[in-house]
J.: 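Could you have a look at this structure, given as structure tokens, before my questions?
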Amino acid sequence: MSIERELLELAAKAACMVDYNRDTGSMIWRSKDISNPDSPRWNARYAGKECGTIDDKGYRRILFRFSGGAPFRIRAHRLAWFIANGTLPSGEIDHINQDRADNRLANLRDVPKTINQRNGTRKSSNTSGVPGVVWHKQRGKWCAQAYVDGKHHHLGLFEDITEAEIAARQFRAAHGFTETHGRKL
């Protein structure tokens with residue numbers, strides 16, 4: 001069996017165990033049928049409660065244990081996409097508003113990695129407060145720059161940080177970056 005087919009089967013099993021609310025993005029454990037010998041313990045401990053935990057990157061991750069198999073972990077946004085569309089995403093799931101905990105269907109889109117990177121938050125190493133703008137010590141000016149598809153683009157040196165910010169914003173807008181790219185959450 002191919003890995004993709006196995007993932008589809010595991011996602012389908014997982015989808016049967018949760019209730020996904022498209023409007024709020026919440027995922028809640030379903031009750032198990034009383035014919036299942038594990039149901040009293042499961043229902044008392046999990047049923048009606050939110051699934052998963054937040055991982056070190058801020059995503060909700062859910063662990064499923066199916067009899068006879070290894071544990072299956074999936075991020076909630078990927079499972080939400082599967083439940084809503086019946087297929088696993090072909091690319092990455094982008095949280096449009098950049099809030100990794102917001103799994104509302106309206107906030108999720110299936111995009112290639114290059115597009116997802118154009119909706120990123122501000123890097124922690126950014127000291128200017130403006131995405132794509134750094135201080136050039138040797139020249140004593142603000143340098144506007146951007147990376148698109150792994151290629152560095154030098155946009156110019158500017159006396160004023162506002163001019164550098166405008167140049168960086170215009171370049172990003174022309175290359176498909178979102179309006180919220182580079183904001184600090």
Side-chain angles (χ1 to χ4, degrees), residues 2-36 38-67 69-124 126 129 131 148 169 172-185:
S2 73
I3 291 175
E4 185 174 325
R5 183 164 181 94
E6 187 177 344
L7 280 173
L8 276 172
E9 287 182 11
L10 289 171
K13 282 183 184 179
C16 293
M17 296 178 69
V18 300
D19 285 320
Y20 170 61
N21 184 320
R22 297 169 184 233
D23 297 326
T24 65
S26 68
M27 248 184 235
I28 306 297
W29 290 114
R30 289 183 179 166
S31 296
K32 285 190 177 182
D33 187 81
I34 57 170
S35 63
N36 185 322
D38 186 40
S39 68
R41 185 193 68 79
W42 170 271
N43 292 342
R45 187 167 183 186
Y46 298 107
K49 296 183 179 142
E50 191 163 18
C51 304
T53 57
I54 304 297
D55 68 15
D56 60 336
K57 294 189 171 143
Y59 295 104
R60 182 166 292 280
R61 184 174 288 218
I62 306 170
L63 173 69
F64 294 90
R65 295 182 192 275
F66 303 117
S67 59
F72 173 62
R73 289 174 183 82
I74 188 168
R75 286 187 170 157
H77 56 274
R78 295 184 67 79
L79 184 57
W81 187 266
F82 177 82
I83 292 169
N85 297 293
T87 62
L88 289 170
S90 58
E92 294 185 352
I93 295 297
D94 178 29
H95 289 80
I96 297 167
N97 69 1
Q98 299 171 331
D99 181 355
R100 294 172 176 174
D102 184 354
N103 291 317
R104 293 174 297 123
L105 189 58
N107 187 46
L108 305 177
R109 63 182 182 158
D110 183 7
V111 296
K113 183 176 185 172
T114 56
I115 300 300
N116 192 16
Q117 290 175 329
R118 295 178 189 179
N119 187 30
T121 56
R122 188 178 316 153
K123 303 292 182 221
S124 60
N126 181 305
V148 176
R169 279 186 189 274
R172 287 195 313 267
H175 288 84
F177 286 75
T178 64
E179 190 67 29
T180 58
H181 176 79
R183 76 177 176 159
K184 184 145 180 95
L185 284 179

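Being a predicted model, the structure only gives us computed values, none of them experimental.
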J.: Measuring from T114:OG1 to H175:NE2, what's the distance to the nearest 0.5 Å?
T.: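 Reported value, rounded in 0.5 Å steps: 12.5 Å.
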
J.: Looking only at atom types and distance, does a side-chain atom of N107 sit under 3.5 Å from a main-chain N or O of I96, one as donor and one as acceptor?
T.: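 The answer is yes, because a donor-acceptor pair under 3.5 Å joins these two groups.
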
J.: Closer than 3.5 angstrom, by distance alone: can the side chain of N43 be matched with the main-chain N or O of S39 as a donor-acceptor pair?
T.: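 Side chain of N43 to backbone of S39: a pair is present.
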
J.: Please report the closest heavy-atom contact between D23 and N21, naming both atoms and the distance.
T.: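 Nearest pair, atom of D23 first, then N21: N-OD1, 2.8 Å.
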
J.: Taking R73 for its side chain and I62 for its backbone only, find out whether a donor-acceptor pair lies under 3.5 Å.
T.: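 Side chain of R73 to backbone of I62: no pair is present.
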
J.: State the CZ-CD1 distance between R118 and I115, to the nearest 0.5 angstrom.
T.: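 So the CZ of R118 and the CD1 of I115 are separated by 4.5 Å.
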
J.: Work out which heavy atom in I93 is nearest to a heavy atom in P89; give both atom names and the distance.
T.: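 In this case the closest contact between I93 and P89 is CD1-CB, 3.5 Å.
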
J.: Give me the atom names and distance for the closest heavy-atom approach of F177 to V148.
T.: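 Distance-wise, the nearest heavy atoms are CE1-CG2, 3.9 Å.
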
J.: Would you mind writing out the side-chain donor-acceptor pairs for residues 10-20 within the sub-3.5 Å range, not counting sequence neighbours?
T.:
{"residue": "D19", "atom": "OD1", "partner": "R30", "partner atom": "NE", "Å": "2.7"}
{"residue": "D19", "atom": "OD1", "partner": "R30", "partner atom": "NH2", "Å": "3.1"}
{"residue": "Y20", "atom": "OH", "partner": "N103", "partner atom": "O", "Å": "2.6"}
{"residue": "Y20", "atom": "OH", "partner": "L105", "partner atom": "N", "Å": "3.1"}

J.: Quick one: are K57 and R100 in side-chain contact, heavy atoms under 4.5 Å?
T.: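 Yes - at least one pair of side-chain heavy atoms lies under 4.5 Å apart.
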
J.: Looking at CZ of F72 and CD of E9, how far apart are the two atoms once the value is rounded to the nearest 0.5 Å?
T.: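 Here the interatomic distance stands at 11.0 Å.
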
J.: Take the angle between the ring planes of W29 and Y46 and call it parallel below 30°, perpendicular above 60°, tilted in between.
T.: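 Because their plane-to-plane angle is over 60°, the rings of W29 and Y46 count as perpendicular.
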
J.: Between N85 (side chain only) and T87 (backbone N and O only), is there a donor and an acceptor less than 3.5 Å apart?
T.: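 No: the side chain of N85 does not pair with the backbone of T87.
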
J.: As an exercise, state the distance from CG of D33 to CH2 of W42, rounded to the nearest 0.5 Å.
T.: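 Result: 14.0 Å between the selected atoms.
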
J.: Out of curiosity, M27 CE to L79 CG, how far, rounded to the nearest 0.5 Å?
T.: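 Answer rounded to 0.5 Å: 4.0 Å.
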
J.: Between D55 and R60, does at least one N-O distance fall below 4.0 Å, as a salt bridge requires?
T.: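 Salt bridge: no.
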
J.: Would you mind telling me which of H77, R78, R75 makes a side chain to side chain contact (heavy atoms under 4.5 Å, CB included) with R61?
T.: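 Among the candidates, only R75 passes.
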
J.: By side chain to side chain donor-acceptor pair (under 3.5 Å), which residues pair with R109, not counting sequence neighbours?
T.: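 So R109 forms a side chain to side chain donor-acceptor pair (under 3.5 Å) with D94.
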
J.: What heavy-atom pair brings F64 and I74 nearest, and what distance separates the two atoms?
T.: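 Closest heavy-atom pair between F64 and I74: CE1-CG2, 3.8 Å.
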
J.: How close do A80 and L108 get, counting heavy atoms only, and between which atoms?
T.: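 The answer is CB-CD1, 4.1 Å.
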
J.: Taking E50 for its side chain and S26 for its backbone only, find out whether a donor-acceptor pair lies under 3.5 Å.
T.: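 A pair under 3.5 Å: no.
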
J.: Is K32 salt-bridged to D38, cutoff N-O under 4.0 Å?
T.: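 Answer for the salt bridge query: yes.
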
J.: Sequence neighbours excluded, which residues qualify as side chain to side chain donor-acceptor pair (under 3.5 Å) partners of D110?
T.: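 Side chain to side chain donor-acceptor pair (under 3.5 Å) list for D110, sorted by chain: S90.
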
